[in-house]
Every structure is written in C-alpha cells, then in structure tokens.
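Just so you know, these numbers come straight off a predicted model, no measurement behind them. First the proteins, then the strands, lettered A, B, ... as listed; each starts at 1.
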Number of protein chains: 2
Amino acid sequence: MAENDKLTEDKIFEAATKVFIEKGMDGARMQDIANQAGINKALLHYYYRTKEKLFTTVFEITARKVFAKFAPVFDENLSLEDKIRFFFKEHIAFLQDNPRLPGFILNEVNRHPERIRKILSSVNFESFFIKLYEQHKDEFQKYNITPATLPQIMVSMAAISVFPFAAKGIIEGILGKIDMKFNDFIEERKEFAAEFVINAISK
Amino acid sequence: MAENDKLTEDKIFEAATKVFIEKGMDGARMQDIANQAGINKALLHYYYRTKEKLFTTVFEITARKVFAKFAPVFDENLSLEDKIRFFFKEHIAFLQDNPRLPGFILNEVNRHPERIRKILSSVNFESFFIKLYEQHKDEFQKYNITPATLPQIMVSMAAISVFPFAAKGIIEGILGKIDMKFNDFIEERKEFAAEFVINAISK
DNA sequence: GTCTATAGAAGGATAGAC
DNA sequence: GTCTATCCTTCTATAGAC
C-alpha cells in the first residue's frame, strides 16, 4: 500500500512537472496532468489538495535542481580558467538535456518573485563569494577581478549559458535563416563561451 | 466619432499591453484589461473580437518594438568598439525603462514559437550580416571574427544585455544578499559589458 | 486509494437596450 | 459606440460509492 502510494504520488509529480514546464502555472490544466499521469483528476487533489500546492512542490524541487547545477563551480579544485571551461561544458550540457527549464523558472519567478525567496534564502551566497576569493586569490589579482566586477562576471557567465535556451524560439528562427542548426550552435558554444570569457577577463 | 473610436481603441490597446506584459496571455483576464482601460468587458470584444486577437495585436507590435532596438547596431557609422559601447549603453537604457519586456517576449515565444515567425520573416537577417561584414571587414579580420563566431558573439551580447532583466527576480535576490542594489548593478553594467565584450574579442 | 459524478465559480463571448 | 445582463464553456475542487 505504501508502495503503491509512493508510485502514484511520484507518477503525479512527474506528470505535473512535465505539464507545468510545458505550459506554466496559468496554462496548465489539472486534467492535462491527470491524463499525463494516466489517472483521474480527483486523485490529484487527494495527494496534493490544490493546484497551487502541486505547483509549488514541483517548482521548488525543480528550481533547487537548477541552482544546484551552479554549485560545482565553487567546489571543483581547478584553476580559474579550467573552472570556467568546466562550467560551460557541464552547464550547457545540462541545459541541452533540459532545454525548457530556463524559460519555466524565469517566467514563474517574474510573475511571482516571492516563489524564489525561500530557495535563495537557504543558500549562503556570501560564503560562496568568500570561498571563491580564497580559492582564486592570486588569479583574481592577476585578472584584476574585484568585489565590484565579480557579480558582473558571474551574471554574464550565467547569461551566456542560459540565455540561448531561454530565447530558443527566437535564436532558432534567426539561425535558420543563415542555415545553421540550433544544436550545432549550442555544441560549438561550450568551447566558444569558455574562451570568450577567459579572454574577457584577461587584460 | 472616429476621434472617439481612436481614443477607445487606443485606451484598450494600452491597457491590454500593460496587463498582458504583467500576467502573460494565460494569466491575463479580460476583466483586468477592461478595468485597466476604465471601460466595460463587452467593449473589448466589440473592438478586438477575441482575447486571442487582442493578444496577437499587442504581442506583434511589442515584439517589433523590441527587435527594432537591435537595429541601430547595423546602421551607426562607428568603429566596431564604439558600436559595442553604443549598443550596451542604449540597449540597457531601453531595458531599464521596460524591464518586463524581455520576460514577456521570451515566455510567449517559448510557449508559441509560431508567434515570432511572422515577425522574423519580415527581417532580412542575411543582408544584416553581410552589411556588418562590409562595414567592419578590416576589424573582423584583426579580431579574427568569422562567420562561425559572429553569431556566437552577437547572441552573447544580447544575452549579457537582456538576461539580467529576464532573470531580474533571481538576480535582485542574490544581489540583495551582498548588499547590492539591482539598479546600481545595471548602471555599472552599461560600461562593464562593453569592455567585457571588447576584451573578449581581442586576442 | 481510486473512481464517477457533480457542485460551484470564473472567464470568454454575445444579445439586446440605449 | 457603450452599457447591462446573461449564456455557455471550462476549470478547480469536492462528495460519495466502491
């Protein structure tokens, strides 16, 4: 029974994740989710009470998964340059597997900024920055990276990695006009992005 | 009468633009738009027949306005470096005035890629790229910019400018934790972004 | 725990008076 | 051209049988 519970609840969670990512909170229908899970609508309410609760569960777990993908940058024992190469290679590969995640997260955060607060508050960003400084003290000095420019650089790195997926429809359309495939563009980007950023911070 | 027509239609259009940008197609309510315009719901249908038609009108005009903001880069008679500086200064300033536009466009395009096709098809991108090459032939050679890297560079520039606004909720949250204001971050970014990209393409 | 049936509310769209 | 009233569909949510 508890076995079966788990199965149904998981089935619902996975179905809901798929539908919410595709259509967003406002566009998703409980009926879609029930169909996707191969069960009845009433069961959704039995397990999650309301659409809002189901969505919140999906959103929080998904968003944490996404943010977790940034963490290795702070852990890996690599030189700054190799860390940048590692980041783009891994992060873009993750987005290749989950191309709709950026749009989903960004959209829901824009409409309800409070949804991200709980997640951000569980992360100690200050200590992350301090850790980075300690790990790469000498390199930061060499590259002239300061507390003022570090956030700019990190946002730029996130932008360069994430934006093509958030704007996939547009970029795909434009690339098509010059006979380029989105997937090829992304594949090239893993290396391009790393060298681009390394050059950018080298004076 | 035609005078009055115009006024009401415009009022509806402006109200709809505001509400759609805030809540998206799925989240917007005809009642919200009517309230915002200070008129009755039935009038919306009198002028625009359906919610879908009203949305399409708003989306197309808004999206064209957004894309038009990229055009000056191809026109201005400046050196490549000054063009990059010009782009970030102007484009980020535009987004400061319209911070919700990126999220709105990106989200609706993700959900309905066909909505952007008509707009993209009215733009001759190939000739834009050719024009760029002619204008900056020598500089492209000096910087070793090729047909393969130019799209990567341009997408990166769009990313660096647009992403902070598309991800405003998240970035604002993180910056707050290190006592930084989003507006200050953006103000600094106009210059940072330009020098970042110029460095990136200089070898 | 899972289903069918349905309540109850909301939202898009229209009819018809003025 | 603008309004009120209302239709009709859709959607979330619940009741109740099994």
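Remark: C1' of D/dG1 and CG of B/Asp10 are 15 Å apart, rounded to the nearest angstrom. As a whole-Å value, the separation of B/Phe55 CZ from C/dG12 C1' is 16 Å. Taking atom CD1 of residue A/Ile39 and atom C1' of nucleotide C/dT2, one finds them 9 Å apart after rounding to whole Å. Summarising the geometry, the separation between CG on B/Leu43 and C1' on C/dA15 is reported as 15 Å, rounded to the nearest angstrom. The OH atom of B/Tyr48 sits 12 Å away from the P atom of D/dT2 (whole-angstrom rounding). The distance between atom NZ of B/Lys11 and atom C1' of D/dC3, rounded to the nearest whole Å, is 13 Å. Look at NZ on B/Lys53: it is 16 Å from P on C/dG12, rounded to the nearest Å. Atom pair B/Tyr47:OH and C/dT14:P shows a separation of 17 Å (rounding to whole Å applied).
By the ring-ring contact (aromatic ring centres under 6.0 Å, His included) test, B/Phe196 is found to be paired with B/Phe192, residues two or more places apart in sequence or in another chain being considered.
Between B/Phe128 and B/Phe125, the ring planes lie perpendicular to each other; the angle is over 60°, past the 30° to 60° tilted range. The aromatic rings of A/His136 and A/Phe140 sit parallel, their planes meeting at an angle under 30°, below the 60° perpendicular limit.
Judged purely by distance below 3.5 Å, without hydrogens or angles, the side chains of B/Asn35 and B/Gln31 pair a donor atom with an acceptor atom.
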Worksheet item: Can you give one letter per nucleotide of nucleotides 12-18 of chain D, going 5' to 3': B for a protein heavy atom under 4.0 Å from the base, S for sugar-phosphate only, - for none?
Response: BBB----
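Every pair passing side-chain hydrogen bond (donor to acceptor under 3.5 Å, both in side chains) that includes a residue from residues 147-168 of chain B is listed here, sequence neighbours excluded: A/Arg189-B/Gln152, A/Arg189-B/Ser156, B/His91-B/Ser161, B/Thr146-B/Thr149.
Within a 6.0 Å sphere centred on CD of A/Glu126, other residues, nucleotides and ligands contribute 12 heavy atoms or fewer.
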